[in-house]
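First the structure, in the form of structure tokens, and then the observations on it.
In what follows, chains are A, B, ... by sequence order, proteins preceding strands, each numbered from 1.
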Number of protein chains: 2
Amino acid sequence: MAQTAGVDMSTASRVLRGDVSQRVREETRARILKVAEELAYRPNSLARGLRTARTDTLGIVVPQLDNPVFAAAIRGAEQAAAELGYSLLISHREPGTTATTIAKLSQTNRVDGLLVASLDDDEVLRSDLAAAHVPFVLMNRILPGAPLSVVLDSRAAARKAVAHLAGLGHRRIAHLAGRDQGFNAAQRLDGYRQGLEAAGIAFDPALVATAGYTAEGGARAMAELLPQRPTAVLAATLVSAAGAMSVLHAAGWRIPQDISVAGLHDAPVASLLYPSLTTVMMPTEEMGRVAASLLVRSLSGEHPDPVPPLPPGDLIARASTGPAPG
Amino acid sequence: MAQTAGVDMSTASRVLRGDVSQRVREETRARILKVAEELAYRPNSLARGLRTARTDTLGIVVPQLDNPVFAAAIRGAEQAAAELGYSLLISHREPGTTATTIAKLSQTNRVDGLLVASLDDDEVLRSDLAAAHVPFVLMNRILPGAPLSVVLDSRAAARKAVAHLAGLGHRRIAHLAGRDQGFNAAQRLDGYRQGLEAAGIAFDPALVATAGYTAEGGARAMAELLPQRPTAVLAATLVSAAGAMSVLHAAGWRIPQDISVAGLHDAPVASLLYPSLTTVMMPTEEMGRVAASLLVRSLSGEHPDPVPPLPPGDLIARASTGPAPG
DNA sequence: TTGAAAGCGCTACCAC
DNA sequence: GTGGTAGCGCTTTCAA
């Protein structure tokens with residue numbers, strides 16, 4: 001390529017990289033660009049990476065791909081990365097491959113840094129990350145000692161949902177919580193309590209059940225709460241909301257006439273449920289964007305300030321919530 | 001690392017790669033392995049790739065990530081790739097970045113080959129792939145002139161679904177078809193007709209509407225077909241089935257008492273719908289596995305025979321289908 | 001059985 | 001403003 005243009009390789013490299021530290025005659029530059037274009041020249045990224053010890057690539061590690069939350073985070077991260085001149089290498093960690101995934105990405109010099117979303121316990125995650133020899137940013141969770149993370153304000157989101165239900169006149173509002181131990185679960189539970197308090201409703205532990213993040217968990221927890229005769233329920237996720245709704249249908253409770261159901265996070269599946277689910281939108285795509293740019297900044301030697309939790313979006317009132325009965 | 005073990009780099013390389021063409025004294029090998037272990041040595045994959053002109057990495061390109069079909073294909077591909085000593089680089093193509101995605105992956109020497117799932121038109125896809133300078137295998141579609149592809153037998157799947165509905169006594173079975181032009185849509189329509197024929201039911205074009213692959217499309221198509229008073233409907237996808245169900249609920253049709261609904265492909269969301277959706281399982285994960293191994297074989301210089309369409313899995317009878325009314 | 005050395009394609013430094 | 005060149009970390013051929 002360089003010899004076709006009649007210039008030295010190094011000159012071609014300067015032009016092609018857009019190096020501005022040294023100037024190149026306009027005519028030469030044009031010739032190089034033209035030849036590169038004609039030959040559809042693409043620099044070998046392996047050689048470049050070997051030389052520069054950078055790949056201009058970020059890795060993103062998520063627990064699952066077919067999950068709207070992570071899919072949106074990936075989209076956001078990819079967009080921000082592209083704008084900053086980075087590619088994104090996507091990886092998901094099947095259960096059991098936890099440690100390996102991070103290791104593979106980081107120890108083989110394929111990525112400059114890592115965006116990590118994980119549902120693992122603190123200790124597991126911490127040791128996995130310790131083995132990663134690259135900078136990383138956590139998404140949707142905090143880990144003591146890991147300074148860079150971007151989280152959603154799920155406390156505010158839960159508060160918002162409770163406010164909506166209370167505004168409809170509900171007083172017996174149940175909560176299908178996430179995992180017992182878990183940063184987000186605690187946040188949401190806290191937001192739920194704050195929401196109750198703001199509405200002047202006393203907190204009743206009997207109206208809270210642990211549902212985890214599966215439909216089965218949601219169903220089990222809802223079944224557990226039926227005897228308490230709640231008139232509304234706030235589920236931690238769309239999936240647990242769906243599980244709860246199936247139990248309600250089976251029990252002959254009408255939604256929303258007998259009971260209102262709301263969930264956190266918004267995704268297309270919310271409108272597919274029956275009745276369509278009232279949700280609070282969460283800026284998951286934004287989370288990916290922010291995480292990626294945080295990572296890139298820290299790769300360039302900056303020490304960015306911690307990012308405050310991203311506030312929830314609007315509450316989307318759909319068919320699953322309505323006025324309190326009676 | 002080599003000098004720590006007191007051997008030459010080349011000897012270390014031979015041992016670490018498991019090169020059997022030359023023998024190494026057992027003692028030396030043990031020493032190298034031990035030191036490598038102690039230092040947690042990981043070969044630099046960029047340097048290796050630069051030297052060998054191989055990355056032992058496959059790329060997989062899908063239109064969306066939060067789609068159970070593609071997520072399963074990715075899982076399968078990743079599993080097969082890992083077993084064959086390859087990593088998988090996942091990429092999704094936002095609308096508009098169609099050409100670039102394939103180009104970026106293949107022209108920067110980052111992957112040895114590509115697995116491609118695409119919803120694009122033949123011509124678009126063809127020219128994108130022409131620009132890719134690596135071998136590729138198509139998933140879930142055929143493209144004239146592209147010899148390597150792995151498809152699901154969606155014709156058989158549609159046949160199976162119709163057989164189930166006919167077996168329940170339905171005679172007026174509608175079909176929510178996919179895109180007008182499209183390999184899979186045509187296959188499914190064909191299977192639908194074959195299923196009708198096998199059940200001795202005459203094909204009625206008035207019972208077929210184009211729904212595409214969205215909930216809105218499914219809803220629109222279902223609304224269109226209501227005046228035909230079908231007693232059962234086969235939707236091309238889960239999502240269009242969900243759209244159809246929302247219209248049926250709104251119109252006051254009871255599922256399955258007034259109308260049975262079935263969809264193709266199975267995924268957790270099928271059980272979240274109300275009522276839970278009867279589906280035909282499709283071997284999408286297997287598709288990814290087969291595609292990956294096909295690609296690896298063709299990378300090693302083999303010329304594998306074309307793979308016949310993968311037969312559908314079982315029909316999962318859930319709550320959305322029941323005996324024909326009357 | 002092991003070592004020496006070339007070279008993959010590029011960047012970055014230095015010389016001119 | 002441009003060219004020469006060393007060297008990134010590895011594999012592979014050849015020599016010892």
Side-chain angles (χ1 to χ4, degrees), chain A residues 1-36 39-57 85-87 104 106-112 133-134 299-300, chain B residues 1-36 39-57 85-87 104 106-112 133-134 299-300:
Chain A
M1 139 66 202
Q3 57 240 42
T4 312
V7 297
D8 189 83
M9 213 170 128
S10 55
T11 310
S13 171
R14 274 192 290 265
V15 170
L16 265 12
R17 274 179 304 121
D19 185 342
V20 287
S21 70
Q22 291 165 89
R23 43 196 68 252
V24 174
R25 205 190 319 163
E26 195 45 53
E27 184 208 337
T28 318
R29 147 194 259 56
R31 186 152 33 93
I32 292 172
L33 257 20
K34 181 160 156 289
V35 171
L39 302 182
Y41 170 81
R42 294 283 171 279
N44 182 319
S45 62
L46 270 57
R48 171 179 287 178
L50 181 59
R51 183 60 240 246
T52 59
R54 307 173 58 234
T55 56
D56 292 340
T57 299
Y86 282 77
S87 309
K104 256 206 309 221
S106 67
Q107 296 179 355
T108 53
N109 307 77
R110 287 153 95 112
V111 298
D112 295 339
H133 299 128
V134 295
L299 288 175
S300 10
Chain B
M1 137 67 202
Q3 58 241 41
T4 313
V7 297
D8 188 82
M9 213 172 128
S10 55
T11 310
S13 171
R14 276 192 287 265
V15 170
L16 263 14
R17 277 179 302 119
D19 185 342
V20 289
S21 70
Q22 292 165 87
R23 43 195 69 254
V24 174
R25 205 191 318 161
E26 194 45 53
E27 184 207 339
T28 318
R29 144 192 260 62
R31 186 152 33 94
I32 293 172
L33 257 21
K34 180 158 157 292
V35 171
L39 301 182
Y41 169 81
R42 294 284 171 280
N44 182 318
S45 61
L46 270 57
R48 172 179 286 178
L50 181 58
R51 183 62 239 249
T52 59
R54 306 175 57 234
T55 57
D56 293 340
T57 300
Y86 282 77
S87 309
K104 256 205 311 222
S106 67
Q107 297 179 355
T108 54
N109 308 76
R110 287 152 94 112
V111 299
D112 294 340
H133 298 129
V134 295
L299 287 174
S300 12

Pairs involving residues 44-57 of chain B, ordered by first then second residue, that meet salt bridge (Lys or Arg N to Asp or Glu O under 4.0 Å) (sequence neighbours left out): B/Arg54-B/Asp56
Salt bridge (Lys or Arg N to Asp or Glu O under 4.0 Å) partners of residues 5-17 of chain B, not counting sequence neighbours, each pair once: B/Arg17-B/Asp19
Between P of D/dT2 and CD1 of A/Ile32, the distance in whole Å: 8 Å
The helix from C/dT1-D/dA16 to C/dC16-D/dG1: angle between end helix axes, five pairs per end, rounded to 10 degrees: 40°
Along DNA chain C, first and last positions that approach a heavy atom of chain A under 4.0 Å: C/dG9 to C/dC14
Nearest non-hydrogen partners of A/Thr57 and A/Tyr86, listed with the distance: N-CD2, 3.6 Å
Touch class at under 4.0 angstrom, heavy-atom based, for B/Arg25 against every strand present: sugar-phosphate
Side-chain (A/Ser45) to main-chain (B/Thr108) donor-acceptor, under 3.5 angstrom: yes
Side chain to side chain donor-acceptor pair (under 3.5 Å) partners of A/Thr55, counting only residues at least two apart: A/Asp112
OH-CD1 distance between B/Tyr41 and B/Ile32, expressed to the nearest 0.5 angstrom: 11.0 Å
CZ on A/Arg110 to CG on B/Leu46, rounded to 0.5 Å: 8.0 Å
Ignoring hydrogens and angles, write down the donor-acceptor pairs under 3.5 Å from the side chains of residues 24-31 of chain A, residues two or more places apart or on other chains.
from: A/Arg25; atom 1: NH1; to: A/Glu27; atom 2: OE1; distance (Å): 3.2
from: A/Arg31; atom 1: NH1; to: A/Ala5; atom 2: O; distance (Å): 2.4

Partner residues of B/Arg42 under the salt bridge (charged side-chain N to carboxylate O under 4.0 Å, His left out) criterion, sequence neighbours left out: none
Nucleotides 9-14 of chain D: protein proximity per nucleotide (B base, S sugar-phosphate only, - neither; heavy atom, under 4.0 Å): BBBBBB
